Protein chains: 2
Amino acid sequence: MAENELKTRGVAPLSEKHRPGAPAVAATGKPKRTNNPQAMRARILDVGADLFQRHGYNATSMHDVVRAAGTTGGALHHHFATKKSLGLAVIAERVAPEVEATAIQPVSNASSAASGIRAVFNGVADTLEHNRAVTGCPLNNLALELSLADPDFREAVNAVFDRWRAALSFRLHADHPEMDEARAHDLATLVVASYSGAMAMAKTSQSAAPLRACATQLETLLRRT
Amino acid sequence: MAENELKTRGVAPLSEKHRPGAPAVAATGKPKRTNNPQAMRARILDVGADLFQRHGYNATSMHDVVRAAGTTGGALHHHFATKKSLGLAVIAERVAPEVEATAIQPVSNASSAASGIRAVFNGVADTLEHNRAVTGCPLNNLALELSLADPDFREAVNAVFDRWRAALSFRLHADHPEMDEARAHDLATLVVASYSGAMAMAKTSQSAAPLRACATQLETLLRRT
DNA sequence: TTAATAAAAGACCGGTTGTCCTGTTTTGTC
DNA sequence: GACAAAACAGGACAACCGGTCTTTTATTAA
């Protein structure tokens with residue numbers, strides 16, 4: 001803390017030699033650069049979400065993000081000073097909305113909790129079968145890799161899990177007012193857990209079958225409730 | 001293949017200067033070294049399983065393994081030439097037996113499938129509550145991180161998942177001969193998936209509650225079968 | 001006793017990591 | 001049109017990565 005002022009670790013500027021940041025355009029009237037911070041930020045987030053999803057957080061380097069986003073290290077650093085800040089932003093601005101759209105809203109809007117849950121499982125299974133590789137649930141991927149490594153990550157992921165479970169629990173209670181809250185809570189936990197686990201199995205088996213199996217069994221459980 | 005004989009990329013031995021491998025003992029009759037390949041191999045595997053479990057595969061360096069095992073890079077390289085070979089050995093010789101002991105055998109030996117499954121879930125929950133940190137299911141951790149990265153890892157993890165599900169399915173069918181095989185298979189998938197997912201939720205919430213919730217709900221489902 | 005082999009040690013390699021710094025260009029405001 | 005701040009460019013940088021290497025030491029077979 002006290003040695004900050006001694007942190008002159010950079011090299012003294014070699015007047016002539018050191019020229020970082022070459023001119024964006026030599027002399028012609030080329031496109032130069034288009035300042036568009038929102039689009040740049042969005043593109044970095046998209047690329048980050050995609051790479052973290054496909055290769056994992058630790059296996060993705062900042063350079064990978066720079067290359068895939070077609071940008072530069074300076075731009076990346078401007079928007080996200082550290083890898084961790086990019087990771088947290090990806091969770092909050094990409095993963096959480098995706099969970100909201102693909103898993104929470106369909107259940108909230110369905111005619112019943114049971115049919116909504118089945119629709120979500122089978123809908124995701126359909127999507128998986130259309131794609132080439134099963135990359136798993138983005139939330140689950142990041143949860144397992146990062147929740148022990150850093151409390152901030154753990155908190156961020158946990159918030160999404162909680163939101164999801166709470167929404168399910170609310171819908172179950174709405175469908176079945178006679179069901180006590182603890183039961184609804186446990187049931188919602190089972191649904192979320194089996195979705196996460198089924199996605200893990202789907203990833204390792206590269207098949208949507210585990211999702212279909214869980215959808216079937218969960219429905220019989222929910223229908224008898 | 002044909003350029004093997006030209007592979008003299010090493011530096012010419014600088015007679016006096018180049019002395020890798022300092023003498024293990026200076027001049028005294030110290031313990032020097034104890035040759036015990038099996039114990040060394042076992043220790044490396046134990047340490048590797050522990051570190052991969054707590055920090056993840058990619059976040060664990062070979063140097064971390066060397067340090068934690070109290071050995072040297074040479075010894076590690078002798079037993080496991082690459083990080084991947086260590087990873088595969090950890091799965092085959094540590095993770096798979098652990099799954100066998102903690103999740104498969106208790107169900108096979110229980111008085112019924114339902115009670116065995118409940119015992120496994122609650123037993124693991126008890127263990128988690130005794131430990132400080134919930135590090136999650138080792139199989140699940142490695143599955144999510146590596147199954148997309150490398151086909152060999154995917155195969156290894158998938159084999160464990162399949163073995164587990166097959167054992168559950170067999171026990172369910174033995175308990176309920178009237179149940180058709182597809183149902184038993186799907187039910188077993190749901191149990192494995194909910195275990196994996198519950199462990200993921202337990203890890204992010206640092207609590208054993210998700211496991212207990214799933215145990216309760218799964219039991220009501222199985223008892224009504 | 002000697003020769004051969006297996007086990008262990010640790011220096012070392014090229015490459016990559018995440019971070020940060022110094023400039024240049026664009027944009028908004030007066 | 002001046003000018004400060006934001007947006008972006010491009011590379012520097014030390015620390016570290018996984019992996020290979022040669023040498024030393026212990027064990028075992030002949």
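Here is the naming used below: chain letters follow the sequence lines, and residue numbers restart at 1 for every chain. Small disclaimer: the values here were computed from a predicted structure and weren't measured.
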T71(A) side chain near dC8(D) phosphate (N/O to OP1/OP2, under 4.0 Å): no

With a 4.0 Å cut-off on heavy atoms, is H77(B) in touch with a base, just the backbone sugar-phosphate, or nothing at all? base

Do you see a donor-acceptor pair shorter than 3.5 Å between the side chains of K203(A) and N141(A)? yes

Whether H78(A) contacts dA7(D) is assessed here as follows: a side-chain N or O lying under 4.0 Å from the phosphate OP1 or OP2. Is that the case? yes

Say whether, by atom type as modelled, one donor and one acceptor occur between the side chain of Q53(B) and the main chain of G136(B) under 3.5 angstrom. yes

Taking S61(B)'s backbone N and O only, do any of them form a donor-acceptor pair with D64(B)'s side chain (distance below 3.5 Å, no angle check)? yes

Does dT16(C) have OP1 or OP2 sitting under 4.0 Å from an N or O in the side chain of S61(A)? no

Consider the side chain of M62(B), meaning its heavy atoms from C-beta on, and name the nucleotide among dG18(D), dA8(C), dT17(C) that approaches it most closely. dG18(D)

Using a heavy-atom cut-off of 4.0 Å across all strands, would you classify T72(A) as base, sugar-phosphate, or nothing? base

Is H79(B) near enough to dA8(C) that one of its side-chain N or O atoms lies under 4.0 angstrom from OP1 or OP2? yes

Residues D150(A), R154(A): salt bridge by 4.0 Å N-O rule: no

Taking the nucleotide of DNA chain C with the closest heavy atom to each, which residue, A81(A) or R41(B), is nearer the 5' end? R41(B)

I want to verify a distance call: between dA9(C), dC8(D), dT17(C), whose nearest atom is closest to the H63(A) side chain? dT17(C)

Tell me what S85(A) touches on the nucleic acid: a base, only sugar-phosphate, or nothing, going by heavy atoms under 4.0 Å. nothing

